Amino acid sequence: MLSRFLAAFSLAAASLATSLPADLPPFNPSLFKDLNVTRGLVYHYYASPAETGKPTIVFLHGFPSTSYDWRHQVSFFQDKGYGLIIPDMLGYGGTAKPLEPEAYASSLISKDIIDILDAEGLQQSILVGHDWGSKVVGRLANYFPEYFSSYAFLAVGYFSPNSFEVPYPEKNNASRAVLGYENIGYWDFFSSEGADQIILNNLDSFFDIFFPQETVLTIKDFAPLGAIGDFVSNGRRTTPGDFVAPEERAIQMEFLRQGGFAAPLNWYKIVTTSIERDDDQGIPSENAILKKPVFFGAALRDYVGVAAILITSILRNSNDTLTIHQYDSGHWVQLEVKDKVNNDLLNWIEGLEVDV
Ligand SMILES: *[C@@H]1O[C@H](CO)[C@@H](O)[C@H](O)[C@H]1NC(C)=O
Ligand SMILES: *[C@@H]1O[C@H](CO)[C@@H](O)[C@H](O)[C@H]1NC(C)=O
Ligand SMILES: *[C@@H]1O[C@H](CO)[C@@H](O)[C@H](O)[C@H]1NC(C)=O
């Protein structure tokens, strides 16, 4: 039934009038909500209530995604009675897509998430982030620690408040010296004028290299300065990872085709300019160290978020119990090794003492 529907959907996607299916299993369509947050931007989010005595888990996705990134976690944790809050982050899906980079400063996005939690009456939630979502988990811990019981970071770890003190171009020189390639060289292309249209015009190429089967290609064709711009501009292709089914890829692509990339790329523009660095000056210094239980799921074949470096950093920056799992996986651990990640998160959550 689903595949028949999706076949019809793919045909529709090829025509001019494209649209997303109304129903995206395992999400329950009646549990999506919209909230106009304090600063006047509308957030679209999934809100599945907790069973009595169970805490709520807040899942924050990264680039280039929507709440749909967490489909395997929704089915797993919803069935076990956990509450779920899963927003489309700023710039994506059903959420507002401001075009000015300043709107993406971490302090503002953190407050947006707090507005959602206030609207839902939630305290002592468990935060789980992936990719840029991990940065927001860290900033929520910095600005609003009283709202959370614990913090989980997947693939990308904790960005401490001084993470962006070194200007972006110097970071590339430093990573080249340590790793032999610029692991965040691709931020340069993502911050450049016109990158959004180049990506939209070569969406298959972009998806191939963002979700590759051979994750080691990241070192050559994705991360270094100039690499992804060259790959995508030339419409090059590679085997997509088998952890994203073709029908799931069609759904993800349609979200991005409709929303475009001008807004999402602002997540990069704020870190290649001084916006994030200036914004981080407002973090209370006493909140720089994480003082709640932390989970880090490191991806051993992520050549952007390099596990050894991120583990060193999180060891230095946490001052409560620290649980580290290392996965034989590329960047997309919640998709690639979903069962391991779900079970490890569940064991960790069950071991936390949470008053709800
Ligand atoms: C959200 O609130 C702002 C004012 O805070 C208002 O200008 C805007 O129209 C609202 N958006 C929607 C979609 O209601
Ligand atoms: C990076 O390294 C290159 C080559 O060694 C040098 O020319 C350039 O000035 C460096 N840039 C920064 C920002 O340190
Ligand atoms: C870590 O916590 C201990 C007590 O729980 C405290 O004495 C110590 O100063 C803390 N360290 C940091 C870096 O916050």
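Ligands are counted one by one from 1 in listed order, and the atoms in each one are counted from 1 as well. All of these numbers come straight from a predicted model, not from anything done at the bench.
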Between atom CG of Leu99 and atom CG of Asn266, what is the distance when rounded to the nearest 0.5 Å? 7.0 Å
For Tyr82, does the six-membered ring have the charged nitrogen or CZ of Lys54 within the cation-pi criterion, i.e. under 6.0 angstrom from the centroid and within 45° of the normal? yes
Beyond-backbone contact of Thr218 with His331, side-chain heavy atoms, under 4.5 angstrom: no
With sequence neighbours excluded, residues passing side chain to side chain donor-acceptor pair (under 3.5 Å) with [X]:
X      : result
Gln78  : Tyr46, Ser48
Ser110 : none
Thr38  : Lys111, Asp115

Could you check ligand 2 for N or O atoms lying under 3.5 Å from protein N or O atoms and list the pairs with distances?
{"unit_1": "ligand 2", "atom_1": "2 (O)", "unit_2": "Asn173", "atom_2": "OD1", "d": "3.1"}
{"unit_1": "ligand 2", "atom_1": "2 (O)", "unit_2": "Asn173", "atom_2": "ND2", "d": "2.4"}
{"unit_1": "ligand 2", "atom_1": "11 (N)", "unit_2": "Asn173", "atom_2": "ND2", "d": "2.9"}
{"unit_1": "ligand 2", "atom_1": "14 (O)", "unit_2": "Asn173", "atom_2": "ND2", "d": "3.1"}

Under 3.5 Å, N or O to N or O, is Arg39 touching ligand 1 that way? no
